[in-house]
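Step one of this worksheet: look at the structure below.
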Amino acid sequence: MLKKYPLALYLVWLIALLLFPAPLVLSLNLGMGAGNTPQLIWIDCGVIAYAWWLFEVFLATRPTWLDRLIGLPALYFVHGLLGVDALLIAFVHRNFLISMGAQIRLTGKVAWYLALFGIIYASLFMSGWLVDRLPVIARVKTKLQFFFKHRLSLWIHRLNLVAILLIWLHVHLIGRVNHQLVFMLLFDGYTVLILSAYLWQKWVAPTQRRTGQVLATQRLNERTVLITLVFRGARQLFQAGDFFFFTFEGISREAHPFSVVNQADAAGEQIQILVRSVGDDTRKLQQVAVGTVVQVEGPFGRFAAIVEQDRRPLVLIGLGSGLAPLLSLARTYLGTRSIQVIWTVKNDRDRYFVTDLAALVDPQFSYFIQNGRLRSEQLSTMISPEKLAQARFLIVGPASAVLSIRKMLRQAGVPRDHLTDERLTM
Amino acid sequence: MKRKWILILGMLVVLVGLFSLDLAKSRPRPVTTAIRSSQPVVSRATRTSDQASSSKKAANSQPTHNSERVLIIYYSRSGTNYPDVTLKHGHTWQIAQEIAQVTGGTRYQIQTAQAYPKNYQATVDQAEQEQQDNARPRLKGKLPDVTQYETIFLGYPIWWSDLPMPVRTLMDQIDLNDKVVIPFSTNAGSGWGDSLTTLKRQYPQAKFRKGFEIEGADVDHAHKQIRRWLRDLGY
Ligand SMILES: Cc1cc2nc3c(=O)[nH]c(=O)nc-3n(C[C@H](O)[C@H](O)[C@H](O)COP(=O)(O)OP(=O)(O)OC[C@H]3O[C@@H](n4cnc5c(N)ncnc54)[C@H](O)[C@@H]3O)c2cc1C
Ligand SMILES: Cc1cc2nc3c(=O)[nH]c(=O)nc-3n(C[C@H](O)[C@H](O)[C@H](O)COP(=O)(O)O)c2cc1C
């Protein structure tokens with residue numbers, strides 16, 4: 001059972017849930033004396049919620065080393081779930097704890113409602129929890145997205161920082177708490193450290209990022225462009241199938257994730273990405289000029305690490321532009337094991353990688369391209385029973401399609417821990 | 001590069017600032033706090049010369065010496081109480097009781113014409129409203145005649161960081177200027193809140209002596225503290 005996720009993920013949960021809040025809770029309880037304050041447990045609930053919120057902010061800085069251990073989706077999943085947990089336990093705190101300071105109550109109340117709003121908003125606009133599973137909500141989101149662009153969403157999401165500052169103030173206002181020296185030192189220390197880490201990521205780190213240039217562009221069709229970037233002097237830029245967050249100067253200040261298409265070892269100074277136009281920034285990128293300066297944050301991703309765990313055959317299922325990282329993987333691991341690529345596209349004009357696939361020649365390599373979705377009865381004819389039982393499946397594409405393919409593969413008997421996916425939304 | 005140092009420096013400055021704030025706040029708060037009027041601890045008007053000059057022991061051996069002159073006015077709420085206890089008598093009541101035992105003074109309990117709701121949270125909400133409206137809830141029974149007393153112990157729970165409004169009703173109707181006023185109070189963490197300021201504003205001429213403040217939940221274990229406080233006052 002524990003094998004399902006990397007050990008590091010369990011560790012992250014352990015740290016987030018228990019170890020990180022523990023010093024705060026212990027120092028407060030020792031200071032206030034458990035016997036004398038029967039409501040201490042409700043106070044503790046508030047302290048734990050605050051610690052979880054801080055931990056969430058830390059995760060939001062998406063440290064690359066942590067991504068390598070557990071993967072960015074898992075990292076954001078912990079981030080989101082911690083947010084929900086914190087809100088619940090904060091509810092317990094405010095429901096059972098009686099407080100009489102008008103400002104104490106006000107700051108607590110406003111922070112709680114802000115956090116509630118933040119969670120509802122984020123689960124709609126910033127995570128796939130609802131959108132990927134409920135088509136109705138997906139449609140609502142698409143409608144609203146006309147106004148609530150990803151960039152605006154990020155700013156709305158940052159209201160959570162205001163909530164954190166309010167709670168910080170809230171705690172400083174509570175007479176019986178603010179004279180607990182050890183607790184208060186820890187409390188302020190935690191807050192300052194985490195918020196500094198956040199500021200670091202947003203304000204200092206961008207100045208230290210790797211910078212490159214657009215070397216060449218190639219329009220693959222009216223909505224897709226292949227961009228080659230060069231980072232002079234760089235070595236070992238990435239591993240197969242990784243993605244980076246790219247900021248193109250003059251296009252937008254927002255960093256967008258795109259996957260590498262090229263082979264890891266042969267890449268040298270170059271990163272090749274495929275950009276499909278789905279919104280404002282990706283539309284502008286279709287015409288990006290050669291020479292445009294690019295900053296990258298990353299690399300992120302766990303595909304290479306997962307593939308290299310063992311020598312299983314690979315089945316790579318790409319949905320539309322989701323083929324990009326899989327092509328990088330196929331190119332990198334060609335000849336080392338059996339690789340089967342399955343690529344579904346909308347129509348013939350979207351088969352822009354057909355020559356690239358044909359160029360991969362190896363007795364153990366095969367590929368299959370289809371217009372339109374895969375149907376479940378196709379799987380058993382396309383994929384041999386041994387592969388269904390043995391192979392590692394990597395699926396990349398839009399979230400809802402990825403989810404439905406996962407389901408089909410599970411029904412076809414693929415063990416859950418042979419399935420890895422990447423969804424092109426976050 | 002520059003940003004890096006700005007951030008590190010900023011972080012250190014903020015940390016140092018906050019840590020010193022925390023240190024300042026953490027200086028142990030005295031359990032009891034005094035407001036002093038311009039007069040020193042013992043005022044002429046209240047003390048007969050023998051009392052004023054007597055040692056603590058002497059005062060202790062004659063506990064009822066001054067008894068006719070001590071009135072203990074207090075407000076206290078029985079029933080559900082903070083935090084989740086049901087009390088036959090409120091926390092403040094218990095202190096009033098103790099003071100009466102030691103000083104032999106007369107007790108007067110403030111009671112509202114209309115009882116507060118049994119439900120704790122409902123009381124809290126109502127009290128908040130009353131405070132916002134600066135209301136004066138009507139009281140039940142006759143007001144105490146304070147003319148025959150020189151020392152008034154005034155006891156109350158902290159409600160919304162201040163005096164409960166029923167106490168304010170009483171305060172509007174009896175004049176404690178020129179009396180010796182000794183406040184005592186229970187709370188759930190606010191300490192005196194703003195209550196001492198309120199008292200002082202209402203009775204600028206009164207002689208306030210060292211009061212006693214404690215968290216309601218600690219009252220049960222406070223015999224010694226209460227006795228010591230009273231002893232220090234000369235009882
Ligand atoms: C791990 C990963 C790898 C990806 N790889 C590729 C790729 O190789 N090729 C490709 O064409 N697309 C890829 N995408 C999708 C691509 O990042 C988005 O299409 C792009 O960011 C949209 O930007 P926009 O401003 O044009 O659209 P918007 O109108 O801003 O948004 C359209 C949708 O894209 C999502 N999105 C927007 N900005 C971001 C962001 N900064 N981070 C995450 N999601 C965002 C939003 O959920 C939104 O629903 C990948 C996404 C992820 C998460
Ligand atoms: C309406 C109401 C408001 C209160 N407001 C405060 C407050 O602002 N600060 C505080 O520390 N305790 C507050 N408390 C708690 C009481 O001060 C505390 O429980 C006190 O010991 C009650 O005393 P009693 O039992 O004599 O009524 C409040 C209690 C009530 C019922």
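Computed from a predicted model, the values in this text were never measured in an experiment. Below, read A as the first sequence line, B as the second, and so on, with proteins coming before strands; counting in each chain starts at 1. Worth knowing before you read on, the calculation uses all heavy atoms, side chains too, and leaves out hydrogens, waters and symmetry mates.
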- Note on the structure: Turns out that what part of A/Ser196 lies under 4.5 Å from chain B's heavy atoms comes down to both
- Message: If the threshold is 4.0 Å, N to carboxylate O, is there a salt bridge linking B/Glu98 and B/Arg227?
- Response: yes
- Task: Pick one of side chain, backbone, both or neither for B/Gln131, based on which atoms fall under 4.5 Å of a heavy atom in chain A.
- Result: neither
- chain A heavy atoms under 4.5 Å from B/Asp162: which part of the residue, side chain, backbone, both or neither? neither
- Is B/Gln114 atom CD crowded by more than 12 heavy atoms from other residues, nucleotides or ligands, each under 6.0 Å away? no
- Item | Ion pair B/Asp172/B/Arg136, N-O distance below 4.0 Å | yes
- Item | Leading residue by heavy atom contact count with chain A [cutoff under 4.5 Å; candidates B/Lys2, B/Lys4, B/Met11] | B/Lys4
- Message: Taking NZ in A/Lys202 as the centre, count heavy atoms belonging to other residues, nucleotides or ligands within less than 6.0 Å. Is the count above 12?
- Response: yes
